[in-house]
Amino acid sequence: MPSTPFSRIPALAALGLAAALCAGGAQAQFKERNFRVSNGVSKDHPMGNGLAKMGACTLEKSGGRMKIQPFWDGALGNDLTGTQSVRTGSLDMAVTSTAPIVSIVPALGVFDLPFLFNNAAEADQLFDGKVGDWFSAKMPAAGLINLAWWENGFRQTTNSKRPITKAEDFEGVKMRVMQNTIYLDTFKTLGSNAVPMAFTEVYSALETKTVDGQENPFTNIENMKFYEVQKYLTLTNHAYSPTLVLFSKKVWDTLSPEEQAALRECAVQGRGEQRRANRAMEARSVDDLRKKGMAVNEISPAEMQRIRDKTRPIYERHAKSIGEEPIALVTAELNRIRGK
Ligand code: TK8
């Protein structure tokens, strides 16, 4: 007499089969993937912290099947060309500032308006809320999925000619700016000779004095070693740059719902880590950059007000190219956050 009554074997077998199917099903929801990610910054940038966190998360959720593979220093293209490759599906992901891709999604231009944000806390609230979702919802029409909003940071000004202590000191400085009409206008309005250029070309342009200066968050100034070719650092905080974590819609549409959910959840986990690492590095940056030989100065509140006043007309000049709705949404949300 078999030890297990026949009557019970089918049920046990069915249970075993179901368990195997579930396990297999869970694994079947995740195929072997290796998503390549383009970055313009160098390896030890806080973007690397974010991508490491995101990658550990996708490996864990997929039973080791979904890998994230970062490439650095624009090896797979600069912000714009890398994003174009993502749109065609020849590249899976790109981590990029919004400014260089405003030609693809004009509404993103609102974030280039000078002095739009007062601090990172209000930026986080805006990007991680319904207004951030509104802008992310604009991306699929361009063949892009924005997985999360990460941080580039508040932008500072460096140059090799002189300390910038007042509005007039910008005059005659050949300033590299991102390939973006609002940044071009901002620095022309301040009297600089603004030169649009991809991030990947900035170090050599500074080194050869093709340009005198550039503007970027502390982490980029330090990570890209601009301190080696720039003497003066002025704390202008003239704009807050967000970062997009873009995924190719062409590739996205081939993924299972579980794979898509894992990428979104892990990009949000990466966001927390990237912002944390970015802000920790920023907190040390002024000291670090002084130690590396930069002359660091702030501008007096009165002079900063003059600079703000000089750049205010830019809002009106670019309202049409950005679009009424994005400007109205961002303005209303910032007023709400500020309790106005
Ligand atoms: C890095 C760039 C950089 C940006 C720039 O890929 O180009 O100055 O601030 O962060 O996106």
Side-chain angles (χ1 to χ4, degrees), residues 36-51 70-86 91 93-105 108-109 111-114 116-117 120 123 127 144 146 148-159 174-184 186-187 192 194-206 210-227 229-230 233 236-246 271 274-275 277-279 281-282 285:
R36 299 184 309 146
V37 196
S38 174
N39 285 273
V41 293
S42 290
K43 191 169 178 346
D44 56 356
H45 190 285
M47 293 302 171
N49 299 67
L51 287 168
F71 289 79
W72 304 101
D73 299 305
L76 301 182
N78 61 43
D79 289 331
L80 185 56
T81 56
T83 299
Q84 296 294 25
S85 299
V86 170
L91 177 59
M93 287 178 69
V95 173
T96 174
S97 301
T98 53
I101 67 159
V102 165
S103 56
I104 300 170
V105 183
L108 293 171
F111 301 126
D112 304 323
L113 292 169
L116 178 71
F117 289 104
F127 288 111
L144 300 163
N146 182 38
W149 292 94
W150 289 10
E151 174 173 271
N152 197 4
F154 276 95
R155 306 183 72 87
Q156 317 300 334
T157 306
T158 69
N159 84 93
K174 208 168 181 186
M175 188 70 74
R176 177 269 174 177
V177 295
M178 291 185 280
Q179 295 157 303
N180 172 286
T181 52
I182 296 175
Y183 276 89
L184 208 56
T186 299
F187 282 86
S192 297
V195 178
M197 184 186 295
F199 186 67
T200 44
E201 297 157 34
V202 176
Y203 185 93
S204 56
L206 294 169
T210 307
V211 293
D212 304 315
Q214 66 83 46
E215 45 83 48
N216 245 291
F218 288 119
T219 46
N220 291 359
I221 295 167
E222 193 161 354
N223 172 256
M224 300 305 287
K225 298 184 170 42
F226 291 157
Y227 52 83
V229 289
Q230 294 282 262
L233 165 60
T236 44
N237 291 295
H238 54 274
Y240 174 88
S241 272
T243 292
L244 294 160
V245 182
L246 296 176
R271 176 182 72 193
Q274 191 272 332
R275 287 176 181 168
N278 216 50
R279 291 165 191 174
M281 186 172 175
E282 288 219 329
S285 276

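Just so we're clear, the structure is a prediction, and the values are computed from it rather than from any experiment. Just so you know, ligand 1 is whichever comes first in the structure, and atom 1 is the first atom listed for that ligand. Quick note: residue numbers are just sequence positions, from 1.
The protein heavy-atom contact nearest to atom 1 (C) of ligand 1 is F199 CD2, 3.5 Å. If you check which protein heavy atom lies closest to atom 9 (O) of ligand 1, you get N216 OD1, 2.7 Å. Of the protein's heavy atoms, S97 OG, 3.4 Å lies nearest to atom 4 (C) of ligand 1. Residue, atom and distance of the protein heavy atom nearest to atom 2 (C) of ligand 1 are D79 OD2, 3.1 Å.
Below 30°, between 30° and 60°, or above 60°: for W149 and F127 the angle between ring planes is between 30° and 60°, a tilted geometry.
Formation of a donor-acceptor pair under 3.5 Å by the R275 side chain with backbone atoms of E151 is not found in this model. When atom types are taken as modelled, the side chain of Q156 and the backbone of N237 share a donor-acceptor pair closer than 3.5 angstrom. Looking only at distances, a side-chain donor or acceptor of N223 sits under 3.5 Å from a matching main-chain atom of S42. When atom types are taken as modelled, the side chain of N152 and the backbone of P242 share no donor-acceptor pair closer than 3.5 angstrom.
In Q214, neither the side chain nor the backbone holds a heavy atom less than 4.0 Å from any atom of ligand 1. For N39, no heavy-atom contact with ligand 1 is shorter than 4.0 Å.
For the ligand labelled ligand 1, residue R176 lies inside the 4.0 Å heavy-atom shell.
Residue N152 has at least one nitrogen or oxygen atom sitting less than 3.5 Å from a nitrogen or oxygen atom of ligand 1, judged on distance alone.
The distance from ligand 1 to the heavy atoms of N220 drops below 4.0 Å at these ligand atoms: 3 (C), 9 (O), 10 (O). Atom numbering of ligand 1 starts at 1 in the shown order; those under 4.0 Å from a heavy atom of G40 are 6 (O).
With sequence neighbours excluded, the residues satisfying side-chain contact (heavy atoms from CB on, under 4.5 Å) with T181 are H318.
Taking every heavy atom of both residues into account, D73 and T200 meet most closely at O-CG2, 4.0 Å.
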